[in-house]
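Structure, as C-alpha cells:
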Amino acid sequence: MLNCLAYLGFSSIREIEALGLAEYRLRMEAYQLQRVQAQEDLALQAWFNQTVQATTGGKKPKPKFKKFADFFDTAYMVDQIREQFEEDYEPVSNRSRHESAAKLMAERIEEFRKLKERGEINV
C-alpha cells in the first residue's frame with residue numbers, strides 16, 4: 001500500500017485494494033522506468049557540465065568520456081529493471097549481455113570444479 005501512496009499517485013485506500021497484483025507490478029515497473037528516464041536527464045545535464053570541465057592528459061587535454069553512453073548507460077539501467085519484472089526478458093545492452101555471459105561462464109567453471117572434486121571428470 002505504501003508504494004501505491006508514495007510512488008504511484010494513489011490517494012484512496014479503496015483504489016489500492018481494488019488493484020490486482022499484475023496491475024500493481026506493471027505500474028511499479030513503469031514507475032521505475034520513469035525514474036531511469038529522470039536519472040538519464042540528470043546524467044545528461046552532468047554530461048554537459050563535465051564535457052566542459054573533465055579532461056585527461058597534461059598539455060593536450062582530452063575529454064574523460066568520449067560518448068554519453070560511457071558516462072550513463074540507459075539501456076543497461078532499463079535491462080536491470082525489466083529483468084526483475086519479466087521472466088523471459090532478453091537484455092539489449094552490450095554490458096548486460098557481457099555480464100550474462102560472464103555469469104554463465106563462472107557457473108560452468110564452478111560446476112566443472114565440483115565434478116572434478118567428486119572424481120566424475122578426469123583431466
Side-chain angles (χ1 to χ4, degrees):
M1 280 195 184
L2 184 59
N3 285 344
C4 291
L5 293 169
Y7 306 121
L8 301 180
F10 285 84
S11 57
S12 167
I13 301 297
R14 286 192 179 99
E15 288 177 344
I16 297 169
E17 289 173 343
L19 189 66
L21 183 58
E23 184 180 355
Y24 168 77
R25 290 179 52 80
L26 182 64
R27 286 177 182 252
M28 284 303 297
E29 181 179 4
Y31 170 76
Q32 289 183 14
L33 291 172
Q34 288 172 351
R35 294 291 305 146
V36 167
Q37 185 61 50
Q39 289 174 350
E40 181 183 25
D41 293 343
L42 291 171
L44 185 58
Q45 180 63 48
W47 164 259
F48 290 137
N49 291 339
Q50 82 83 33
T51 55
V52 173
Q53 300 171 17
T55 58
T56 59
K59 292 183 179 182
K60 295 183 180 179
K62 297 178 183 176
K64 187 171 182 176
F65 301 103
K66 295 190 186 328
K67 297 182 290 181
F68 178 69
D70 296 337
F71 181 72
F72 186 84
D73 191 348
T74 305
Y76 175 75
M77 300 289 285
V78 170
D79 284 345
Q80 297 302 302
I81 292 168
R82 292 192 64 188
E83 284 175 347
Q84 291 177 357
F85 290 93
E86 303 171 32
E87 291 180 24
D88 59 345
Y89 179 73
E90 292 292 326
V92 296
S93 75
N94 288 335
R95 182 175 168 191
S96 291
R97 284 193 216 132
H98 289 297
E99 285 180 0
S100 295
K103 182 179 176 183
L104 179 61
M105 182 62 112
E107 289 171 357
R108 288 182 177 171
I109 289 171
E110 181 63 22
E111 182 179 345
F112 177 77
R113 186 189 61 75
K114 287 179 182 177
L115 289 172
K116 191 174 175 184
E117 283 178 1
R118 292 190 299 227
E120 295 179 28
I121 295 178
N122 294 322
V123 179

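On a predicted model such as this, the values are computed, not experimentally measured, just so you know.
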Calculate, to the nearest 0.5 Å, the distance between atoms CD and SG belonging to Glu17 and Cys4 respectively.
10.5 Å
Is the CZ atom of Phe85 crowded by more than 12 outside heavy atoms at less than 6.0 Å?
yes
Using the rule given for side-chain contact (heavy atoms from CB on, under 4.5 Å), can you reason through Glu40 versus Met77, listing the C-alpha separation, both sets of side-chain angles and the distance that settles it, and then say yes or no?
CA-CA 10 Å; Glu40 181 183 25; Met77 300 289 285; over 6 Å; no
Just verifying a value: how many Å separate Thr74 OG1 and Gln39 CD, rounded to the nearest 0.5 Å?
9.5 Å
Would you say that Gln32 contacts Val36 through its side chain, given a criterion of any heavy-atom pair below 4.5 Å between the two side chains?
no
What residues form a side chain to side chain donor-acceptor pair (under 3.5 Å) with Gln80, not counting sequence neighbours?
none
State, with a plain yes or no, whether a side-chain heavy atom of Ser11 is found less than 4.5 Å away from one of Leu5.
no
Please determine whether salt bridge (charged side-chain N to carboxylate O under 4.0 Å, His left out) holds for the pair Arg25 and Glu29, giving the CA-CA distance in whole Å, both sets of side-chain angles, and the decisive distance to 0.1 Å.
CA-CA 6 Å; Arg25 290 179 52 80; Glu29 181 179 4; over 6 Å; no
Applying ring pair (Phe, Tyr, Trp, His ring centres under 6.0 Å) to Phe10 and not counting sequence neighbours gives none
Within a reach of under 6.0 Å around CZ of Arg108, are more than 12 heavy atoms found that belong to other residues, nucleotides or ligands?
no
Can a salt bridge be assigned to the pair Glu111 and Lys114 using a cut-off of 4.0 Å between side-chain N and carboxylate O?
no
Partners meeting ring pair (Phe, Tyr, Trp, His ring centres under 6.0 Å) with Tyr24 (sequence neighbours left out):
none
Distance check, rounded to the nearest 0.5 Å: Asp41 atom CG versus Phe72 atom CZ?
9.0 Å
Output the rest of the hydrophobic cluster of Ile109: all Ile, Leu, Val, Met, Phe, Trp and Tyr residues reachable through side-chain heavy-atom contacts under 4.5 Å, sorted by chain and number.
Met105
How about Asn3 and Tyr31: does a side-chain donor come under 3.5 Å of a side-chain acceptor?
no
For Glu86, what residues pass the salt bridge (Lys or Arg N to Asp or Glu O under 4.0 Å) criterion, not counting sequence neighbours?
Arg82
Cluster overlap Met1 with Leu26, hydrophobic side-chain contacts below 4.5 Å
no
So, Glu23 and Arg27, do they make that salt bridge, N to O below 4.0 Å?
yes
Would you check, one step at a time, whether the test side-chain contact (heavy atoms from CB on, under 4.5 Å) holds for Leu2 with Tyr7?
CA-CA 8 Å; Leu2 184 59; Tyr7 306 121; over 6 Å; no
Flag yes if more than 12 heavy atoms outside Arg113 fall under 6.0 Å of its CZ atom; otherwise flag no.
yes
Apart from Tyr76 itself, members of its ILVMFWY cluster (side-chain separation under 4.5 Å) are none
